**Student:** 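Could you have a look at this structure, given as structure tokens, before my questions?
In this text the structure is predicted, and so the values were computed from the model without any measurement. Hydrogens, waters and symmetry mates play no part in the numbers below; they use all other heavy atoms, side chains included.
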Amino acid sequence: MSDNDQIDNESGGLDDQIANRKKNLESWRAAGIDPYGQGYHKTHTASQIREENEGLEAGEEGEEVSFAGRLMTRRDMGKAAFLDLGDRDGSLQVYFRLNNLGEESFKRLDWVDLGDFLGVKGQVFRTKRGEISIKVSEWTILSKAVMPPPDKFHGLKDTETRYRQRYIDLFSNAEVRKTFVVRSKIISAMRRYLDSLGFLEVETPNMATLAGGASARPFTTHHNALDLELYLRIATELYLKRCIVGGMDKVYEIGRVFRNEGISTRHNPEFTLLEIYEAYSDFEGMVKLTEGIIGTICKEVLGTYEVEFENYKLNLEPPYRRATMDELFREHAGKGIHEIRDRETAFAMAKEAGLDVNPNKSTLAHCIDKLFEHYVEPHLIQPTVVTEYPIELSPLAKRKPDDLDITERFELFVAHNEVANAFSELNDPVDQKGRFEAQAANKDIDDEAHPIDDDYVQALEYGMPPTGGMGMGIDRLVMLLTNSPSIRDVILFPLLRPRAQK
RNA sequence: GGGUCGUUAGCUCAGUGGUAGAGCAAUCGACUUUUAAUCGAUUGGUCGAAGGUUCGAGUCCUUCACGACCCA
């Protein structure tokens, strides 16, 4: 009895709100109704009801429907009440009226709290004030929310709670839900496009004894039965190219990769990467394919090539501007790429620019990367295909036939962000082995150096056809297309440091 | 790793070293077409944590935790 005494207290603290909600829950049970009910036959979603009854005049009645959703707001008026039920499309107003429901059914509204799930049946109509609504003739509770939802108007703002308890963010902030719907549509449009071109979606290992294909530190894990140290993949590249060796010719994978590095508005330790490989193609083919993918997504998902991101108005309609790294460095740094490929020159420039690169601890490649980031990237706003990367930056790319220090590679930049990276794949096993060895030689100053993958080299020894390959970071693409300033806005459950014990 | 900012009621936020506030939510009441419903009343606080300065700290100082943004 002492518990019930507390429940009867009038107050507004969290414990009391929970107690009141539990009391309401018990009222349903006492009436013989399970407040955590069974499935409910919905004939329509909120947006379907709106669309199908658009033609209704104020006061006019439409079809009979059943509908279900979460109670978002309610306006009680004595012997009538208006409730807004939210489903994934939005929300719909439902109208409860004593005369339509009878005493017993109407009275049960007292046991309903914001956040509860309700199922309703009734006739669609348009109110005096023009709102499409349902005149409820029959209804039930489908699930009880014992925790109170956030502010009905302001939603949930606290970033930490939004990320830690994303479910609250999703049900209380419609625009957040929208972002993740768009994300899903982007990925499915991407799949549809690639499938239509005859690409085969494949799955390669998440765990392996080597983590190659990119410059990044891996996560480690352990397989007990084999007593084996394993790495989580940092890229899908080397396995996908083994598929090309195997004759699969056109493959892609949309997969999670894991990189053991810092967290920022543009980095989450696990993120989603698209990689594509096409036999008998090359980096020029990959330019076309990249343009095709982005163009198709804009057309099918956004319905426009015009996109706003940060303060930029971007036009993503292909084809995109092309520029060589040499041209861009000349334009923005006053020196060409062949000059910059000299260690002394590169590090002197970096020092002059105030960049944090130490000649004793950084590779030339890393230094050039930093210089490009500093001098050139800020200028790459509209989509730009940057070509002719020096060989130091591209250990898996084929050399340009007329300039062996330059590779057949491009990166696509939009709004000074790298969106895609592609090249003609290096298929000469001897050259590949040499590049791996050059990477390994830097191991002491570069903990992100590619490891030597002898099995991969052996695969090339069996022969890999000339191949074009491309990688695209899905999260950053979604950021761009949804105008999201942080990668955490496009990842449902981003990694956060655990909260201290209360 | 460094810097700046933030952490106050369930939510959104005010708060000048001197009695801890508002709106929403909650509770009670009125209202049979409202829509951030309206109207009346009531309740709700370890001010992120721990120290310190002070007659007195949400407010000033130190450390810590978590987060946001910027830099590396």
Side-chain angles (χ1 to χ4, degrees), chain A residues 6-24 56-61 71-86 90-103 106 109-116 123 125-136 145-165 168-169 171-174 261-267 310 350 353-358 361-362 366 369-370 373-374 485-489 494-502:
Chain A
Q6 290 218 324
I7 287 169
D8 290 338
N9 283 349
E10 286 180 10
S11 52
L14 179 58
D15 290 345
D16 301 299
Q17 290 199 41
I18 292 170
N20 275 310
R21 284 163 177 266
K22 286 185 174 166
K23 200 171 83 178
N24 288 336
L56 284 185
E57 302 283 331
E60 198 183 349
E61 299 192 342
L71 177 58
M72 305 308 287
T73 60
R74 63 186 290 177
R75 293 170 292 285
D76 283 281
M77 316 189 47
K79 299 187 175 63
F82 291 92
L83 282 66
D84 294 313
L85 301 185
S91 75
L92 188 80
Q93 175 170 278
V94 298
Y95 178 47
F96 287 67
R97 187 165 174 261
L98 175 62
N99 294 9
N100 299 343
L101 289 162
E103 289 274 352
F106 189 77
L109 273 179
D110 291 347
W111 308 337
V112 168
D113 297 289
L114 292 184
D116 289 359
Q123 212 159 18
F125 75 111
R126 191 185 286 277
T127 66
K128 272 187 204 165
R129 308 292 278 267
E131 181 92 6
I132 295 285
S133 309
I134 299 173
K135 199 168 280 182
V136 178
V146 173
M147 292 293 287
D151 190 290
K152 68 181 177 189
F153 184 65
H154 297 97
L156 180 66
K157 288 257 175 66
D158 183 81
T159 46
E160 193 173 344
T161 312
R162 286 186 47 223
Y163 299 148
R164 286 190 198 281
Q165 293 176 277
I168 306 176
D169 192 30
F171 76 66
S172 55
N173 297 324
E261 47 201 29
I263 293 175
S264 77
T265 46
R266 293 171 54 196
H267 299 86
E310 291 172 355
L355 301 174
D356 178 41
V357 282
N358 182 334
K361 285 195 286 188
S362 300
H366 182 248
D369 227 14
K370 287 282 166 198
E373 238 174 68
H374 179 262
S486 167
I487 198 169
R488 293 179 212 100
D489 296 330
L495 185 68
L496 296 188
R497 196 187 288 271
R499 201 103 172 84
Q501 288 293 320
K502 281 184 194 171

**Student:** Might you list the N or O atoms of the protein lying below 3.5 Å from N or O atoms in nucleotides 70-72 of chain B, with each pair's distance?
**Tutor:**
unit_1 : atom_1 : unit_2 : atom_2 : d
B:A72  : O3'    : A:D356 : OD2    : 3.2
B:A72  : O2'    : A:D356 : OD2    : 2.9

**Student:** Summarise how protein sits on nucleotides 8-13 of chain B as a single string, 5' to 3': B when a protein heavy atom is under 4.0 Å from the base, S for sugar-phosphate-only contact, - for no contact.
**Tutor:** --BBSS
**Student:** Which nucleotide sits closest to the side chain of A:D113: B:U27, B:A37, B:G67?
**Tutor:**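 Looking only at side-chain atoms, A:D113 lies closest to B:U27.
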**Student:** Holding to ring-ring contact (aromatic ring centres under 6.0 Å, His included), I want the full list of residues that pass it with A:Y163, two or more places apart in sequence or in another chain.
**Tutor:**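 ring-ring contact (aromatic ring centres under 6.0 Å, His included) check on A:Y163 returns nothing, list empty.
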**Student:** Taking only residues two or more places apart in sequence, or in another chain, which ones meet A:K135 in a side-chain hydrogen bond (donor to acceptor under 3.5 Å, both in side chains)?
**Tutor:**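 side-chain hydrogen bond (donor to acceptor under 3.5 Å, both in side chains) check on A:K135 returns A:E61.
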**Student:** Report the residues that fulfil side-chain hydrogen bond (donor to acceptor under 3.5 Å, both in side chains) with A:D84, sequence neighbours left out, ordered by chain and then residue number.
**Tutor:**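 With sequence neighbours excluded, A:D84 shows a side-chain hydrogen bond (donor to acceptor under 3.5 Å, both in side chains) to A:T73, A:R75, given in chain and number order.
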**Student:** Using a cut-off of strictly less than 4.0 Å, decide whether A:R129 has a side-chain nitrogen or oxygen near OP1 or OP2 of B:U35.
**Tutor:**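 Yes, because at least one side-chain N or O of A:R129 sits under 4.0 Å from OP1 or OP2 of B:U35.
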**Student:** How would RNA chain B look in dot-bracket form, 5' to 3', counting Watson-Crick and G-U wobble pairs with both distances under 3.5 Å and writing | for bases paired to another strand?
**Tutor:** (((((((..((((....[..)))).(((((.......))))).....(((((..]....)))))))))))).
**Student:** Under the side-chain hydrogen bond (donor to acceptor under 3.5 Å, both in side chains) test, which residues partner A:T161, sequence neighbours left out?
**Tutor:**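 For A:T161, the residues satisfying side-chain hydrogen bond (donor to acceptor under 3.5 Å, both in side chains) (neighbours in sequence not counted) are A:D158.
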**Student:** Which residues pass the side chain to side chain contact (heavy atoms under 4.5 Å, CB included) test with A:D76, sequence neighbours left out?
**Tutor:**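 With neighbours one apart ignored, the set is A:R74, A:A81.
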**Student:** Using the side chain to side chain contact (heavy atoms under 4.5 Å, CB included) criterion, which residues pair with A:N173? Sequence neighbours excluded.
**Tutor:**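 Listed in chain order: A:L156, A:R162, A:D169, A:E175, A:V176.
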**Student:** Only counting residues at least two apart or in another chain, list the ones meeting side chain to side chain contact (heavy atoms under 4.5 Å, CB included) with A:A353.
**Tutor:**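 Testing A:A353 for side chain to side chain contact (heavy atoms under 4.5 Å, CB included), a comparison that skips the adjacent residues, returns A:L355, A:H374, A:Y375.
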**Student:** Produce the list of close N/O pairs, under 3.5 Å, pairing protein atoms with atoms of nucleotides 1-7 of chain B; give distances to one decimal.
**Tutor:**
none

**Student:** List the residues meeting side-chain hydrogen bond (donor to acceptor under 3.5 Å, both in side chains) with A:E310, not counting sequence neighbours, and say none if there are none.
**Tutor:**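 Result, side-chain hydrogen bond (donor to acceptor under 3.5 Å, both in side chains) vs A:E310: none returned.
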